[in-house]
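Here's the structure we're looking at; comments come further down.
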Amino acid sequence: MGDRNILLCVMGLTPQIITETLYFLTQKQGARVDEIRVITTLAGRNRIMKELLDKESGKFFEFCRDYGIDPDSIKFNEKTITLLQAADKSMLDDIRSEKDNESAANQICEIVRELTGDDNTRIHASAAGGRKTMSVYLTVAMQLFGRNQDRLSHVLVSEDFETHPEFFYKPPTPRILKNRNGQDISTESAEIHLAPIPFIRLRRIISHWLPKDVYSYSDLVVRAQEELDLY
């Protein structure tokens with residue numbers, strides 16, 4: 001089996017970060033993306049299903065049409081979206097309390113651990129979306145479990161188009177949108193960049209207990225620090 005390239009995103013209420021990152025990876029870097037995994041809340045999932053994955057108007061399918069990509073070549077559907085759960089296993093609408101944050105941290109760590117446990121995967125993690133704590137937890141999870149082939153980045157979009165409700169990627173044929181002041185802006189002037197986030201990979205240090213034990217996020221951090229203190 002060849003390497004499977006997975007785009008892993010944390011997302012709040014801006015599904016644009018998914019297609020913007022997908023655009024840069026495939027059209028600017030020439031990378032292949034085989035699967036898109038998203039960690040989000042219930043509200044975020046609903047945004048994805050409406051704005052990206054609607055077969056008629058979804059921006060993911062529009063992107064694929066614009067750039068001649070078979071949408072079936074990228075596994076991206078409701079099953080590749082992970083909903084964050086509260087401590088009582090109910091679905092989180094948002095992350096606001098300390099307990100919500102703890103639950104989110106544990107789940108993000110476990111997902112990264114699972115994905116990096118397959119030697120045939122290559123992870124490109126995007127820390128651009130969601131609440132800041134989600135981005136922090138994803139970064140720490142990549143530090144704990146990331147391998148040499150895995151990458152972490154943040155998508156950067158020029159100011160007029162950043163979080164614009166109608167801008168999801170730079171289309172091959174320019175389109176005219178309205179900016180916040182009601183002025184016409186052309187997507188031709190939009191700039192999308194991926195800023196790589198260098199991170200220290202600790203996997204080798206913790207690898208001897210990694211496969212056999214499951215820890216919470218806080219336990220993982222404490223245990224990893226104990227291992228480092230031994231050096």
Side-chain angles (χ1 to χ4, degrees), residues 3 5-40 44 47-48 51-52 58-69 71 73-74 76 80 108 112 115 121-143 146-181 183-201:
D3 287 337
N5 298 288
I6 299 176
L7 171 58
L8 173 64
C9 302
V10 287
M11 197 205 88
L13 296 176
T14 53
Q16 291 94 326
I17 64 106
I18 299 171
T19 42
E20 289 163 355
T21 304
L22 182 64
Y23 162 81
F24 193 92
L25 288 174
T26 60
Q27 303 308 308
K28 293 299 184 181
Q29 292 187 341
R32 189 185 79 245
V33 175
D34 301 301
E35 182 174 346
I36 300 174
R37 292 283 299 266
V38 187
I39 305 170
T40 188
R47 286 279 182 99
I48 292 172
E51 298 182 28
L52 297 188
K59 295 297 183 180
F60 169 71
F61 293 101
E62 184 179 292
F63 168 82
C64 290
R65 288 193 297 271
D66 275 348
Y67 286 102
I69 297 172
S73 70
I74 303 175
F76 183 32
T80 67
I108 290 170
V112 173
L115 292 176
T121 61
R122 181 185 294 111
I123 309 302
H124 188 107
S126 171
R131 290 200 174 271
K132 290 182 176 63
T133 47
M134 292 175 68
S135 299
V136 171
Y137 293 143
L138 179 60
T139 300
V140 175
M142 290 297 290
Q143 287 183 320
R147 305 152 301 175
N148 287 338
Q149 70 263 36
D150 300 322
R151 298 292 180 264
L152 178 68
S153 72
H154 187 288
V155 68
L156 304 173
V157 181
S158 44
E159 185 177 1
D160 272 341
F161 300 92
E162 185 179 16
T163 69
H164 193 293
E166 296 177 53
F167 183 81
F168 286 77
Y169 59 91
K170 188 170 182 174
T173 302
R175 298 169 191 170
I176 301 299
L177 306 177
K178 296 288 187 182
N179 67 11
R180 295 174 181 86
N181 299 318
Q183 299 167 322
D184 286 348
I185 51 174
S186 172
T187 57
E188 187 174 13
S189 65
E191 293 186 4
I192 298 175
H193 299 283
L194 275 191
I197 302 173
F199 61 97
I200 299 171
R201 292 162 174 81

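Predicted model, so just to flag it, every value in this text is computed and none were measured.
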(request) Taking the side chain as every heavy atom from C-beta outward, state whether L177 and F161 have any pair of such atoms under 4.5 Å apart. (result) yes

(request) Find out whether R37 and L115 are in side-chain contact, i.e. whether some heavy atom of one side chain is under 4.5 Å from a heavy atom of the other. (result) yes

(message) Would you compute the distance between atom CG of N179 and atom CZ of F167 and round it to the nearest 0.5 angstrom?
(response) 13.5 Å

(message) Nearest 0.5 Å, please: how far is CG in L13 from CD in E51?
(response) 9.5 Å

(message) With heavy-atom distances below 4.5 Å as the criterion, would you say the side chains of K132 and M134 are in contact?
(response) no

(request) Answer yes if the side chains of S153 and H124 hold a donor-acceptor pair under 3.5 Å, and no otherwise. (result) yes

(request) Give the C-alpha distance, both sets of side-chain angles, the deciding distance and a yes or no for side-chain contact (heavy atoms from CB on, under 4.5 Å) between L156 and I192. (result) CA-CA 6 Å; L156 304 173; I192 298 175; over 6 Å; no

(message) Enumerate the side chain to side chain donor-acceptor pair (under 3.5 Å) contacts for residues 9-29, please, sequence neighbours excluded, ordered by first and then second residue.
(response) none

(request) With the side chain counted from C-beta on, respond yes when I17 and M11 share a heavy-atom pair under 4.5 Å apart, and no when they do not. (result) yes

(message) I need the I123 CD1 to L8 CG distance, nearest 0.5 Å.
(response) 6.5 Å

(message) Is the ring pair Y67/Y169 parallel, tilted or perpendicular, if the boundaries are 30 and 60 degrees?
(response) perpendicular

(message) Side chains of I48 and F60, heavy atoms from C-beta outward: is any pair under 4.5 Å?
(response) no

(message) As an exercise, state the distance from CD of Q183 to CG of D160, rounded to the nearest 0.5 Å.
(response) 8.0 Å

(request) Find the distance between CD1 (I39) and SG (C9) and round it off to the nearest 0.5 Å. (result) 9.0 Å

(request) Output the distance between atom CG (D150) and atom CZ (R201), rounded to the nearest 0.5 Å. (result) 7.0 Å

(message) With a 6.0 Å cut-off (strictly less than), is the heavy-atom count around CD1 of I200, excluding the residue itself, greater than 12?
(response) no

(message) Taking the ring of F168 and the ring of F63, is the distance between their centroids below 6.0 Å?
(response) no

(request) With the side chain counted from C-beta on, respond yes when I6 and R122 share a heavy-atom pair under 4.5 Å apart, and no when they do not. (result) no

(message) Checking T187 against E166 for the side-chain contact (heavy atoms from CB on, under 4.5 Å) test, could you report, in this order, the C-alpha distance in whole Å, the side-chain angles of both residues, the deciding distance, and whether it holds?
(response) CA-CA 10 Å; T187 57; E166 296 177 53; over 6 Å; no

(request) Side-chain contact test, heavy atoms from C-beta onward, threshold under 4.5 Å: evaluate it for V33 versus F76 and give yes or no. (result) no

(message) Under a 4.0 Å threshold between the charged nitrogen and the carboxylate oxygen, would R175 count as salt-bridged to D66?
(response) yes

(message) Does atom CD (E188) have a neighbourhood of more than 12 heavy atoms from anything else shown, all under 6.0 Å?
(response) no

(message) Whether the T121 and R147 side chains hold a donor-acceptor pair (N or O, under 3.5 Å, no angle test) is what I'd like checked.
(response) yes

(request) Measure the shortest side-chain to side-chain distance between I74 and I36 over non-hydrogen atoms and say whether it is less than 4.5 angstrom. (result) yes

